[in-house]
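Inspection log for the structure reproduced underneath, given as structure tokens.
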Amino acid sequence: MPELPEVETTRRKIEPLLVGRVLTRIEHDAPHKYLGTHRAEGRTVTGIGRRGKYLLLQLAASEAAEDETNAEYSGPLELLVHLGMTGGFRLEHGKHTRVTLHTDEGAVYFNDARKFGKVAVVRPGEYAAFPTLHGMGPEPLSDDFREADFVKLAASAGAVKPWLLSQKPVSGVGNIYADESLWMSRLHPAQTRLRPAEARKLYAAVREVMAAAVAAGGSTLGDGTYQQHDGEAGLFQLRHHAYARNGTPCDRCGVTIEKIVLAQRGTHFCPHCQVLKAR
DNA sequence: CGCCTACCCTGCTCGC
DNA sequence: TGCGAGCAGGGTAGGC
């Protein structure tokens, strides 16, 4: 995480800062980690999209003769950004600045304390080097996310939480919103092979949770994680029912929320509302 | 092929 | 007060 709501909030906020600007130079000291960034230099940002948790900065074709470093390919490009766990954009250089996007109208800084973030420049749609992006499931808030498809896939799925986190049945769900969606649909995180009625509830919960979280500007955690570049915090953390609520009473039944580790992830659920069924 | 696990990385919290 | 251990986890490589 940041997950879809935090990434979408970031997208909306950096759009006016970058669209229409020329990336004059991209500065960082980890060429093995931030790939092909020199290819973006001299190009105009024409738009910023998002796919799951990836930001996709569209870069205009270069005027070939103008920039020799891009002589090998002058068509449009995409600059991918994944925020990882702690990535975000800032308007000032900081201790954790990893990548600086110099533009013709000032710089924008990519900060990432824990260095799980990714930056790469690729040809549009060329995601072979990013298997998760390549195999990304439908956007949860789009018409491409269809209940019937989801129900069918869920019938043969393994443990539902890791399945959601795989980005295959639906994109953009991370640890917070997986726990929230499962709480809402009363499913145990380790439940396998969902019945159609269960899968329909989960489908509705994912849509509802994601829509509400986007509208709230995402979740900003107690330590300030996922705060936006302008210092604004999301508000959805105030409506978490499961995530980081362990030790407190379930908002539905009053039984204490538990925390377990499932597939290496902290996992929060209500042991009374979310019962594992043998299948 | 698909599932599962280990690992990456570093700031912060906690206990002694 | 200082310090080391433990924890946070998305995506990917690699094993089975």
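Worth knowing before you read on, the calculation uses all heavy atoms, side chains too, and leaves out hydrogens, waters and symmetry mates. Note that the coordinates shown come from a computational prediction; the quantities given were computed from them, not determined experimentally. Throughout, protein chains are lettered first and strands after them, A, B, ... in sequence-line order, and every chain is numbered starting at 1.
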Among the nucleotides dT5(B), dG9(C), dT12(C), whichever has the atom closest to the side chain of Phe130(A) is dT12(C)
Met85(A) has an atom CE; how far is it from atom P of dC12(B), in whole Å?
12 Å
Ignoring backbone atoms, establish whether Gln167(A) has a side-chain N or O less than 4.0 Å from OP1 or OP2 of dG10(C).
no
Going by atom types alone, do Ser219(A) and His240(A) pair a side-chain donor with an acceptor below 3.5 Å?
yes
What's the closest nucleotide to the Lys118(A) side chain, out of dT12(C), dA8(C), dT10(B)?
dT12(C)
By nearest nucleotide on DNA chain B, pick out whichever of Lys33(A) and Lys95(A) is the more 5' one.
Lys33(A)
Check this one for me: any side-chain N or O of Tyr243(A) less than 4.0 Å away from OP1 or OP2 of dG9(C)?
yes
Between Thr86(A) and dT10(B), is there a contact of a side-chain N or O with OP1 or OP2 at under 4.0 Å?
no
Angle class for the Trp183(A)/His241(A) ring planes (parallel below 30°, perpendicular above 60°, tilted otherwise)?
parallel
side-chain N/O His82(A) vs dG11(C) OP1/OP2, d < 4.0 Å:
yes
What is the distance from CD1 of Ile176(A) to C1' of dA8(C), rounded to the nearest Å?
11 Å
When the distance from CZ of Arg114(A) to P of dG11(C) is rounded to whole Å, what number comes out?
15 Å
Can you tell me if Phe116(A) is stacked onto the base of dG11(C), using a 5.5 Å centroid cut-off and an angle below 30°?
no
Between Arg25(A) and His38(A), is there a side-chain heavy-atom distance shorter than 4.5 Å?
no
What's the closest nucleotide to the His96(A) side chain, out of dA8(C), dG11(B), dT12(C)?
dG11(B)
Closer than 4.0 Å, any side-chain N/O of Lys53(A) to the OP1 or OP2 of dG11(C)?
yes
Short side-chain N/O contact to dA8(C) OP1/OP2 from Arg265(A), under 4.0 Å
no
Can you tell which of dT5(B), dT10(B), dG11(C) lies closest to the side chain of Gln264(A)?
dT5(B)
Roughly how many Å is it from NE2 in His134(A) to P in dT12(C), rounded to a whole number?
12 Å
Establish, from distance only, whether the side-chain atoms of Thr267(A) and Lys259(A) form a donor-acceptor pair under 3.5 Å.
no
In whole Å, I'd like the distance from the CG atom of Asp112(A) to the P atom of dA8(C).
19 Å
Side-chain contact check for Pro131(A): nearest option of dA13(C), dG10(C), dA8(C) is dA13(C)
Tyr54(A)-Arg50(A) side chain donor-acceptor pair, cut-off 3.5 Å
no
